[in-house]
**Q** 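Have a look at this one.
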Protein chains: 2
Amino acid sequence: MENPTGRNSRDAILDAATKIAQAHGYGGLNLRALAEQVGIKAASLYHHFPSKADLATAVARRYWEDAAAGLDALTSRTPDPTERLRKYPGTFRKALENDNRMCLCSFMTAESDDLPGTVMSEIERFNEVNVDWLGKTLLEAGVVGSRDAKKRAHAIFAAVAGAQLMARGRSDIKLYDTLIKSYQAAGLLPPP
Amino acid sequence: MENPTGRNSRDAILDAATKIAQAHGYGGLNLRALAEQVGIKAASLYHHFPSKADLATAVARRYWEDAAAGLDALTSRTPDPTERLRKYPGTFRKALENDNRMCLCSFMTAESDDLPGTVMSEIERFNEVNVDWLGKTLLEAGVVGSRDAKKRAHAIFAAVAGAQLMARGRSDIKLYDTLIKSYQAAGLLPPP
DNA sequence: ACCTGAACACCGTTCAAGT
DNA sequence: ACCTGAACACCGTTCAAGT
């Protein structure tokens with residue numbers, strides 16, 4: 001094997017691009033800076049991805065795939081659906097723990113007017129994955145009936161994304177925790 | 001008087017810049033495009049504002065001043081505090097009604113890592129204005145006690161901003177309305 | 001297969017020059 | 001006072017040329 005670690009330069013590019021996009025968005029993803037971080041020249045990026053749009057599409061796809069895997073793992077590891085709902089905000093907390101970054105998809109949702117369509121599709125997939133998981137879990141937990149599961153799932157997703165955004169703006173992860181607690185106290189999320 | 005309408009070119013620049021920033025953010029605010037919209041050249045913008053950072057600071061300041069005035073007007077026009085809380089999401093709805101734009105401050109909060117400090121300060125002022133107004137109104141309405149007013153105010157603000165962001169991403173103002181209704185049904189906002 | 005320097009049209013910004 | 005063209009270093013992107 002030429003590459004025993006399995007970490008090829010394509011993955012290194014995706015990793016670095018993800019972190020940059022989580023802090024600066026699609027527009028702020030500078031290919032020269034990205035290339036420097038990976039140790040190559042900007043022109044060399046085009047050997048791995050046909051364009052910035054394609055690179056960002058790959059980044060966003062891998063992002064929701066990882067999110068889906070993480071939610072699956074949470075489901076396996078936590079049999080009680082109510083407990084899973086309590087843990088859900090922890091998945092959005094990770095980005096803040098990671099140098100005050102935010103969800104790639106929230107950032108790019110703001111940028112939707114300037115986003116290539118292929119990127120936007122992957123962003124929408126991320127939202128779907130989260131809302132579907134939440135809806136399923138809400139139903140299983142008996143928090144809402146089947147008529148309201150999807151609506152409530154959407155509401156929780158939007159509220160959690162908003163909390164992450166605000167906490168990032170203040171670089172204050174404690175604000176995120178406070179907001180989640182307020183959501184629980186108000187009844188949007190199941191109380192601890 | 002040389003300018004009977006009171007609308008000088010400085011205001012025209014601020015108006016156009018606000019609309020652009022609401023759809024493309026600070027990074028996406030293109031000075032050449034802005035100038036063209038106003039009918040001058042990009043270099044001429046520097047006669048009115050020393051830099052893009054100063055222009056954006058003026059935009060953000062006027063934005064929260066207008067928001068504060070709007071909330072004051074809502075207070076005067078609606079004596080019942082509970083009714084005011086029901087109407088609050090309408091203030092965020094306006095941006096969506098305006099060609100699927102979003103709150104300038106939510107967008108720039110995402111961009112906080114790349115924002116000049118003077119702009120960030122004005123953004124924070126917008127948040128303060130909203131959270132203070134909400135906290136005061138929540139107290140007056142007796143929804144929460146003084147110990148929790150600010151926390152709940154923050155939670156409502158973050159959730160409403162998140163709802164606006166999601167609705168914008170889908171270009172679906174009905175989603176915004178559905179999310180607000182879900183917040184009301186869950187108990188985050190007073191029910192109709 | 002992978003990388004590069006040089007070039008392109010585009011950004012924010014400056015500045016000398018115009019009215 | 002207000003505007004402009006030309007220039008600067010920087011963007012995404014291309015391409016011919018290297019190993």
Side-chain angles (χ1 to χ4, degrees), chain A residues 1-21 23-60 107-108 111 113-120, chain B residues 1-21 23-60 107-108 111 113-120:
Chain A
M1 267 202 220
E2 309 94 336
N3 189 3
T5 69
R7 245 190 67 92
N8 54 30
S9 50
R10 185 190 152 91
D11 285 339
I13 293 167
L14 288 177
D15 287 347
T18 301
K19 294 184 86 175
I20 294 172
H24 307 281
Y26 179 78
L29 177 57
N30 181 324
L31 295 193
R32 281 181 171 86
L34 168 62
E36 190 176 21
Q37 209 161 306
V38 180
I40 58 179
K41 297 294 171 183
S44 307
L45 291 171
Y46 287 79
H47 183 74
H48 302 276
F49 300 96
S51 69
K52 181 177 175 175
D54 288 284
L55 165 61
T57 304
V59 165
F107 206 138
M108 291 192 176
E111 294 176 295
D113 283 3
D114 303 306
L115 229 48
T118 51
V119 180
M120 197 63 210
Chain B
M1 262 200 225
E2 308 94 337
N3 189 6
T5 69
R7 244 192 69 93
N8 52 32
S9 51
R10 185 190 152 91
D11 285 339
I13 293 168
L14 288 177
D15 287 347
T18 301
K19 293 183 87 175
I20 294 173
H24 308 282
Y26 179 78
L29 176 57
N30 180 323
L31 296 193
R32 280 182 171 87
L34 168 62
E36 190 176 20
Q37 209 161 310
V38 180
I40 57 179
K41 297 294 171 183
S44 307
L45 291 171
Y46 287 79
H47 183 73
H48 301 277
F49 301 94
S51 70
K52 180 176 176 176
D54 287 284
L55 165 61
T57 304
V59 165
F107 207 137
M108 290 193 178
E111 293 176 295
D113 283 3
D114 302 306
L115 230 47
T118 52
V119 180
M120 197 64 210

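Fair warning: this is a prediction, and the values are worked out from it, not measured in the lab. Residue numbers begin at 1 in each chain, while the letters A, B, ... track the order of the sequences.
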**Q** I need the minimum non-hydrogen distance between A:Ile40 and A:Ser44, along with the two atoms involved.
**A**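 Heavy atoms of A:Ile40 and A:Ser44 come nearest at CD1-CB, 3.8 Å.
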
**Q** Using a 4.0 Å heavy-atom cut-off across all strands, classify A:Leu34 as base, sugar-phosphate, or nothing.
**A**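 Result for A:Leu34 = nothing.
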
**Q** Are B:Thr18 and B:Asp15 linked by a side-chain donor-acceptor pair shorter than 3.5 Å?
**A**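 No.
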
**Q** Do A:Asp54 and A:Thr57 pair up side chain to side chain, a donor and an acceptor below 3.5 Å, judged on atom types alone?
**A**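 Note: A:Asp54 and A:Thr57 side chains miss the donor-acceptor criterion.
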
**Q** Checking all strands, does B:Leu55 fall into the base, sugar-phosphate, or nothing category for heavy-atom contacts under 4.0 angstrom?
**A**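 Result for B:Leu55 = nothing.
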
**Q** Closest nucleotide of DNA chain C for A:Arg32 versus for A:Ala42: which of these residues is on the 5' side?
**A**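 Result of the comparison: A:Ala42.
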
**Q** Would you check if A:Phe49 and A:Leu14 make a side-chain contact, meaning some heavy-atom pair closer than 4.5 Å?
**A**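 Yes, their side chains come closer than 4.5 Å.
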
**Q** Should stems be defined as at least three consecutive Watson-Crick or G-U pairs with both distances under 3.5 angstrom, which of them involve DNA chain C?
**A**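 Looking at DNA chain C, the stems formed by three or more consecutive pairs are C:4-8 with D:12-16, C:12-16 with D:4-8.
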
**Q** Kindly give the heavy-atom pair with the smallest separation between A:Gly28 and A:Ile20, and that separation in Å.
**A**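 In this case the closest contact between A:Gly28 and A:Ile20 is O-CG2, 4.1 Å.
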
**Q** Does B:Leu34 reach the side chain of B:Leu55, with side-chain heavy atoms less than 4.5 Å apart?
**A**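 In short, these two side chains touch, coming nearer than 4.5 Å.
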
**Q** Check B:Ala53 against B:Thr118 and note the closest heavy-atom contact, atom names and distance.
**A**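 Between these two residues, the closest heavy atoms are O-OG1, 4.4 Å.
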
**Q** Restricting to non-hydrogen atoms, name the atom on B:Arg32 and the atom on B:Ala42 that form the minimum distance, rounded to 0.1 Å.
**A**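 B:Arg32 and B:Ala42 have their closest heavy atoms at CG-CB, 3.8 Å.
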
**Q** Mind checking which nucleotides bracket the chain A contacts on DNA chain D, 5' to 3', with an atom under 4.0 Å from a heavy atom?
**A**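 The contact span of chain A on DNA chain D goes from D:dC11 to D:dC15.
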
